[in-house]
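Presented below is the structure to which this report refers.
Computed over heavy atoms, backbone and side chain alike; hydrogens, waters and symmetry mates excluded. In each ligand, atom 1 is the first atom listed, and ligand 1 is the first ligand listed.
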Amino acid sequence: MAAAALSGLAAGYAALAVAELAAVAVRPEASPVTAVGGAAIDRTPSAVKDWAIRNFGTNDKLMLQLGILTVLAVLAATLGAAALRFRGAASAGVLLFGVVGALAATGRPDSTSPLDAVPSVAGALVAAVVLFALVGRLTGPDAAPPAPSAPSAPPAPRSTVSGWGLDRRGFVVGVAGMAAVSTGAGFLGRRLNAAGAQNAAASRATVELPPPASAAPALPRGVDLRLPGLSPFTTPTADFYRVDTALTVPRVDIGSWKLRIHGQGVSRPLTLGFPELLRRPLVERDITLTCVSNEVGGSYVGTARWLGVRLADLLEEAGVRPPSKGGPADQLVARSVDGMTLGTPVETVMDGRDALLAVGMNGEPLPFAHGFPVRMLVPGLFGYVSACKWIRDIELTTFDAYDPYWVRRDWAAEAPVKTESRIDTPKPFANVRAGTVVVAGVAWAQHKGIDRVEVRVDGGAWRRAELAAEGPVDTWRQWSWEWPATPGTRTLEVRATDRTGYTQTDKRARPVPDGASGWHSVVVTVA
Ligand SMILES: Nc1nc2c(c(=O)[nH]1)N[C@H]1C(S)=C(S)[C@@H](COP(=O)(O)O)O[C@H]1N2
Ligand SMILES: [Mo]
């Protein structure tokens, strides 16, 4: 029984190794683990996804892959054990896995070829053969009961260890051989994949971004208070949050990258390559990006210096008019190379704000994880309705006619950023000394600006915090407050008022469907 389960594991291992190797040849994203994982992500209810993002953060994808591998291992061992009695049926069961993987791979939104089924099918075929062969070596007591009524039975088995069947040596050699060959194949696959990634990295390294025609306005002195524990005004790229559904980060080849702009009211459809995009005037802007999944006090917000082409200029070049000027399309649907779809109001993109097709982030070409070679950004809108990474297509349509990815999953079709504020220091449950304690954080209301930040202790009177110098209207604003802290367990709360006069509501809302609301609070112990 244990040996049969081991056969199942060996077969599963061989299947994965072969599938990974085949995926290198076909398309890395066609690997069954990636494809099934992607399909699982797309079918995960928002609440569960929310929970996973909250609990595993950026490790959510690693956890998913580990989960898939664990489930596969258990199923493989079970099928192996079943194969002891039903060798043919179990091998057929293995093939069924291949079908599931193949359907997942070809059903992915970024799949363009039925060849994506090859890794799963190849893996399953290999696993079925391996299982059939290995279990064949195990003629256990169940499979070949010694017939007591037949004294002239065939000669005794070579091995008599109970449960290890007749051909123990053959079995052990078979499992060891399979494991060795699979490990070799796995390593080769890894190597080839790494080589592919290196090529992509080399192609990114050759990108030279032209200087901006319109540089970022100089930041006033004092936008960054540089206090210990306070988020810096410009988020270092390495610390910038990442949220997307991509199990493997797309590594787009700029040589073949194209962006198409088409759809309703597009009188001059455009198709641009990367060099053509760079020939247009580039603008450089500081913009704060926020994720709708950000909880009150959460870390899915960051500010970077982006370089890009103004999207409104390209749309005008394509003949697009916003609805207020009689254009027929009110929704711009952006599509990425990994099949994501995001919908943005055309009116917002063309209302004069710096909606960008960004190519640079903090002085460098976009990192792969942040959308290389080109991504969208619309200041004032949550990322999921505006910030398409790895963009390849822009279609002008209507909100009535098309629901993009997240809208099909219960999120709002239109989602302007909510005015929010966060306490960065002191940290929750910190121990501080009585006396003057510096409380500091950030507040954001992109494209409106922050007018006022207030802090209160233990539900007392609101006190005005000191605001850092005001940066561009699309960026967050730092604040600080000198707190005369007295001993005890204290609750600090913060709220911001934006330049429209709106003060953050204390009404707590979860991120679904259009962003969290409520005051951030931090409990600290003063001694
Ligand atoms: N292709 C693609 N683009 C995407 C997403 C995605 O899942 N796939 N997620 C969006 C969301 S929800 C956010 S908040 C931003 C995050 O951008 P960042 O990872 O660069 O911070 O990207 C947006 N663009
Ligand atoms: Mo997001």
Only counting residues at least two apart or in another chain, list the ones meeting side-chain contact (heavy atoms from CB on, under 4.5 Å) with D330.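 With neighbours one apart ignored, the set is P323, T398, F399.
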
I'd like to know if E295 pairs up with R510 as an ion pair, taking the criterion as any Lys NZ or Arg NE/NH1/NH2 lying under 4.0 Å from an Asp or Glu carboxylate oxygen.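 Yes.
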
Do the side chains of K389 and D244 get close enough for a salt bridge, i.e. N-O under 4.0 angstrom? yes

We want to know whether S336 and R375 form a side-chain donor-acceptor pair, criterion being a heavy-atom distance below 3.5 angstrom. no

Take atom CD of E317 as the centre, draw a 6.0 Å sphere, and report whether it contains more than 12 heavy atoms from other residues, nucleotides or ligands.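 Yes.
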
Write out the protein residues near ligand 1, meaning a non-hydrogen atom under 4.0 Å from one of its atoms, in order of chain and number. F240, Y241, R242, V243, D244, T245, L289, C291, S336, D338, M340, H370, R375, G383, Y384, A387, C388, K389, W390

Say you draw a straight line from CG of L277 to CH2 of W257; how long is it, rounded to the nearest 0.5 Å? 5.0 Å

